[in-house]
Amino acid sequence: MKIITLEEHYTDKRIMDWNNQFAKKQEPASPEQAEAMKFMMAHAFPGDELLDFDKRLAFMDENKIDMQVLSLTSPVSDLVPAQEAVEICRLANDITKQHMDEHPDRFAGFATLPMADPKAAAGELERCVKELGFCGVLLAGRYKGRFYNEEEFFPIFEKAAELDVPVYFHPAGIPMEVQEAYYMSDAYSFIVGAELASAGFGWHVEVGIQIVRLILSGIFDRLPNLKFISGHWGETIPAFLERMDSILTREITGLKKQISEYYKEHVYLTPSGILSNDQLEYLAKLMGADHILYAVDYPYVKPDHIYEFLAGSHLTEEQKELIAHGNAERLLHLV
Ligand code: CA
């Protein structure tokens, strides 16, 4: 069984240095917060594995991963001015392309786009797909607190639909006000709150909402060929589809279809390294095995049973092949 994984991150010193010039130094407000920030930084940057492609290839070989779709680990910061964001993204995409060229049978690429300038972003996506041979785009979080259903971002989705490449939605940091109001508490430690607000839950809910907002904006009526990929088994949304259909009816949304119909037709899910059999079986049933793809989230998540998880699941051989590689090959035009 061939394995293609889709949410596999890397970085490059040139991009880190450029981005860091614009980084805002966040001073901790208390020793507890300083301790938590230290812990989370250590957790967020897994040694040199984001940079080291020999280690990456060894990991892929050990785990029988034939191909990774590479993406830059963190998006270009919102603090970078638009013109420089355009230049950094161009460099990042050129670096991704170099990795693809060095190992054409092992790496494919998702584009990184300058969200500060959506029209330029659409142009860069076109360059990435048509000239560099990329197979889609990965967007992280929001841009300056704005969700991507706002009209200014439409050119990016229009371009993705035109090029017939999917948009992968990835989590990123959430606003401090949301963190404070929803996740922090005196009843548990700062670090518990901070982890709950981020990779433990908060980031994921935000990505889930991002996709629902795009559906509600009518984007799939305007762009019937547009396809999304949502990691972490759909970022909490699949369990709520029936509820949303019953509350957010077509009568009040004014859309052509129910939310679940758009979701099941246009959204594809990956595990992002959450290798849960319950989720796999439930979502293969709910969405259809043709809407599930594989993702490890290397190097943040490194399960030791990537191949065995799928191979040993209760799905049919045909379903396993689709999830392991067939859907990726079809959706990302990899063959
Ligand atoms: Ca990730």
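Both counts, for ligands and for their atoms, begin at 1 and track the order of listing. Remember, predicted model here, so these are calculated numbers, not experimental data.
Between the NE2 atom of H9 and the NE2 atom of H170, the angle taken at the Ca ion (ligand 1) works out to 90° after rounding to 10°.
Taking the centre and axis of the six-membered ring of F154, the NZ or CZ atom of R222 falls inside the cone set by 45° and 6.0 Å. With F53 as the aromatic partner, R56 meets the cation-pi criteria of under 6.0 angstrom to the ring centre and within 45 degrees of the ring axis.
Here the N, O or S atom of E7 that is nearest to the Ca ion (ligand 1) is OE2. With respect to the Ca ion (ligand 1), D297 has OD1 as its nearest N, O or S atom.
Residues in residues 119-144 take part in these side chain to side chain donor-acceptor pair (under 3.5 Å) pairs, two or more places apart or across chains: N93-E124, D94-R127, E124-R127, E126-K159, R142-E206.
Residues satisfying the side chain to side chain donor-acceptor pair (under 3.5 Å) test with E49, not counting sequence neighbours, are K302.
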